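The shown structure was predicted, so the numbers you read here are calculated from the model rather than taken from an experiment.
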Amino acid sequence: MRVAIIGAGIIGVNAALALRAQGAEVTLYDREGVAAGASRGNAGIFADYAVLPEARPNMRRQVPWMLLDRNGPLSIRLRHLPKLFPWLKEFIREGQPERVERSTQGLSALMRHVRSDWDRVLRENDAEDLRVARGALHVYRTRRALHAALCDWQVMGEHGVAYTPVMGSALQALEPALSKDYQAGMLLPDLTHALDPLGLTERLAEKARARGCEFRQTEVSAISSTETGVCLHFPGAGTRQFDRAVVACGAHSNKLVRPLGLRVPLESERGYNVTLPEPGVTLNRPVCVPDRGYYMTPMSMGLRIGGRVELGGLQAQPRWTRAEVMLRHARSVLPGLEPKGAKPWMGHRPSLPDTLPAIGPVPGQERILLAFGHGHLGLTLAATTGRLLSEMIFGTTSETDASACLPSRFA
């Protein structure tokens, strides 16, 4: 079985490892190389608690504020609005209660395998040192703010997420660097995080190479089905034949998918972060500030403060004020935070309106499979996605119900 994977981020690399383990001959293509996109600078959280979709019943009322507040947790660039409108319409529609429930069930079916799938990948590839299990903390200024979020936490609890409320002095004992203005929190005792997301992807890529996977830094301009397999087309009219192809190039994937006749509502959630090499404070675990939409994650290279969402497409230049505003707010959460040497970054998260990724064959062209649209959950779901693709390509029975993620939902 000869398989081409287009995209060498954390999804593509995990797919390569899973397919190679089943005996496939694997070639990965990426225009910029390993982990050149969102896999390079993410917040490092294995967020297996995230069973709730982003679209909610009140999203219609929030959209005007997204347009007005350029520095809010979720903002929309006005110039991009005409192109964004169809996606935004679908996103609002996904906020209907019955659709929220469907997406929640779909995400939960994936999340229950995240820990075991990553345990296996890290163990088999000598990468266990790049993940730590210290839990995580979501912090709120007041008990009332925590109480307002309890409904969501209860839903997560119904899907197997362990959490513990923490108040007052107990919160300060967990994280002494935290401002005393924060009086309530929710502890996720089982959460794990990556010490170096880029290093993790590179380590797995090295293992894939050592096992015989081929990496080519070149652009794939098109894919087409043939009578017996798949043909990849390259700039300059070159072609190469494979038995199967996987499209895993994140927010850029529609360039290859649209000519196949499938219209996937893919949008870039532009995410920002700042990494502080010498932050001047110590966090014992990742800390999330939900009302501002960012995580502060202790990593091997320093403290990474990242998150937020900007809907502005693939072409617009970064709006670095979003990173600056996030850093200023983080200094109010961690009063001793030292911003010297801050390194800002922006990446494109591939987002679909229902928060579920697209994993599986293109309808009517089953030799071409999709693996993108993971949004904030690319790192989280990478090992599970790789396993699912291997099971689909080799026709083996899966323990995971991934039917909600099939691309046929867009047909």
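- Residues satisfying the side-chain contact (heavy atoms from CB on, under 4.5 Å) test with L260, not counting sequence neighbours, are V362, Q365, I368.
- Judged by distance alone, the side chains of H233 and S224 do bring a donor and an acceptor atom under 3.5 Å apart.
- In summary, K207 and D126 engage in a salt bridge, as defined by a charged side-chain N under 4.0 Å from a carboxylate O.
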Going through the checks in order, is the side chain to side chain contact (heavy atoms under 4.5 Å, CB included) test met by L107 and L52? CA-CA 7 Å; L107 287 166; L52 289 171; over 6 Å; no
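- Side chain of W87 to main chain of P265: a donor-acceptor pair is present (N/O by atom type, distance under 3.5 Å, no hydrogens or angles).
- Look at D196 and R304 and you find no salt bridge, because none of the NZ, NE, NH1 or NH2 atoms lies under 4.0 Å from a carboxylate O.
- With respect to the salt-bridge test (charged N to carboxylate O, under 4.0 angstrom), the residues D152 and R56 qualify.
- S268 places no side-chain N or O within donor-acceptor distance of the main-chain N or O of P350, the cut-off being under 3.5 Å.
- Note: L369 CG to T385 OG1 = 12.0 Å, rounded to the nearest 0.5 Å.
- Across all non-hydrogen atoms, the minimal contact from N273 to G306 is CB-CA, 3.4 Å.
- Using a distance-only test at 3.5 Å, with no hydrogens or angles considered, no donor-acceptor pair links the side chain of S103 to the main chain of V100.
- Between P407 and L262 there is a side-chain heavy-atom pair separated by less than 4.5 Å.
- Here the two rings, on Y29 and F215, have centers that are 6.0 Å apart or farther.
- Residues A245 and I223 share a closest heavy-atom pair of CB-CG2, 4.4 Å.
- More than 12 heavy atoms of other residues, nucleotides or ligands lie within 6.0 Å of CD in E98, so this atom counts as buried by the packing criterion.
- With sequence neighbours left out, C288 forms a side-chain contact (heavy atoms from CB on, under 4.5 Å) with H138, P290, Y295.
- In this structure H329 satisfies the ring pair (Phe, Tyr, Trp, His ring centres under 6.0 Å) test together with Y294, sequence neighbours excluded.
- Proximity of a side-chain donor or acceptor of R120 to a complementary backbone N or O of S116 within less than 3.5 Å is not detected.
- Here the OG atom belonging to S75 is positioned 6.0 Å from the CZ atom belonging to R319, to the nearest 0.5 angstrom.
- Applying the ring-ring contact (aromatic ring centres under 6.0 Å, His included) test to every pair with at least one member in residues 377-411, sequence neighbours left out, gives no pairs at all.
- Between I305 and M296, the closest heavy-atom pair is CG1-CG, 3.9 Å.
- Salt bridge annotation for R77-E310: present, with a cationic side-chain nitrogen under 4.0 angstrom from a carboxylate oxygen.
- Side chains of E267 and H80: a donor-acceptor N/O pair is present below 3.5 angstrom, by distance only.
- Here K255 pairs with E219 in a salt bridge; the nearest charged N to carboxylate O distance falls below 4.0 Å.
- Using a cut-off of 4.0 Å between Lys/Arg side-chain N and Asp/Glu carboxylate O, E90 and R93 are scored as salt-bridged.
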Going through the checks in order, is the side chain to side chain contact (heavy atoms under 4.5 Å, CB included) test met by F242 and L232? CA-CA 8 Å; F242 291 90; L232 266 60; 4.1 Å; yes
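- At distances below 3.5 Å, at least one donor-acceptor pair connects side-chain atoms of H193 with backbone N or O atoms of P298.
- No donor-acceptor pair closer than 3.5 Å links the side chain of T396 to the backbone N or O of M392.
- Annotation: side chain of L146 is not in contact with side chain of V139 (no heavy-atom distance under 4.5 Å).
- One distance of note links SG of C213 with CG of L204; it measures 11.5 Å at 0.5 Å rounding.
- For residues 163-185, the pairs satisfying salt bridge (charged side-chain N to carboxylate O under 4.0 Å, His left out) are R141-D181, E175-R285, with sequence neighbours left out.
- The side-chain heavy atoms of L28 and E214, taken from C-beta on, include no pair separated by under 4.5 Å.
- Rounding to the nearest 0.5 Å gives a distance of 7.5 Å between OG1 of T201 and CG of N42.
- None of L110, T380, I359 except one satisfies the side chain to side chain contact (heavy atoms under 4.5 Å, CB included) rule with H374; the exception is I359.
- Within the 4.5 Å cutoff, side-chain heavy atoms of R270 are placed close to those of H348.
- Proximity of M186 to L150: side-chain heavy atoms (C-beta onward) are separated by under 4.5 Å at one or more points.
- T384 places no side-chain N or O within 3.5 Å of a backbone atom of L381 that could act as its donor or acceptor partner.
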Side chain to side chain contact (heavy atoms under 4.5 Å, CB included) between Y140 and H147, intermediate numbers included: CA-CA 10 Å; Y140 304 84; H147 182 77; over 6 Å; no
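- One distance of note links CZ of R244 with CD1 of I5; it measures 13.5 Å at 0.5 Å rounding.
- The closest donor-acceptor contact from the side chain of R40 to the backbone of A35 lies under 3.5 Å.
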So T400 and R387, side-chain hydrogen bond (donor to acceptor under 3.5 Å, both in side chains) or not? Walk me through it. CA-CA 10 Å; T400 305; R387 173 176 58 81; 2.6 Å; yes
Does the pair D119 and R131 meet the rule for a salt bridge (Lys or Arg N to Asp or Glu O under 4.0 Å), with working shown? CA-CA 10 Å; D119 284 348; R131 181 187 64 171; 2.5 Å; yes
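- One side chain, N125 or R211, offers a donor N or O that lies under 3.5 Å from an acceptor on the other.
- Q105 and E101 form a side-chain donor-acceptor contact under 3.5 Å, judged by distance and modelled atom types alone.
- Classification of R102 and D354 as a salt-bridged pair holds, one side-chain N sitting under 4.0 Å from a carboxylate O.
- Shown here for A24 and V3, the closest heavy-atom pair between the two residues is CB-CG2, 4.1 Å.
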Expected list for residues 163-174: side-chain donor-acceptor pairs under 3.5 angstrom, two or more places apart:
unit_1 : atom_1 : unit_2 : atom_2 : d
Y163   : OH     : W153   : O      : 3.4
Q172   : NE2    : S179   : O      : 3.3
Q172   : NE2    : Y182   : O      : 3.4

What do the steps show when you test L327 against L276 for side chain to side chain contact (heavy atoms under 4.5 Å, CB included), and what is the final call? CA-CA 10 Å; L327 178 56; L276 306 175; 4.1 Å; yes
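- Scanning both residues, R308 and H376, for their nearest heavy atoms gives O-CE1, 4.4 Å.
- Checked against the 6.0 Å centroid threshold, F46 and W118 count as a close aromatic pair.
- Looking only at distances, no side-chain donor or acceptor of T192 sits under 3.5 Å from a matching main-chain atom of V132.
- Formation of a donor-acceptor pair under 3.5 Å by the R115 side chain with backbone atoms of D190 is found in this model.
- In plain terms, the two heavy atoms of V51 and D48 that are nearest each other are CG1-O, 4.5 Å.
- We find that R322 and E324 are not joined by a salt bridge, their nearest charged nitrogen and carboxylate oxygen being 4.0 Å or further apart.
- The pair E94-R99 meets the salt-bridge criterion, with a side-chain N (NZ, NE, NH1 or NH2) lying under 4.0 Å from an Asp/Glu carboxylate O.
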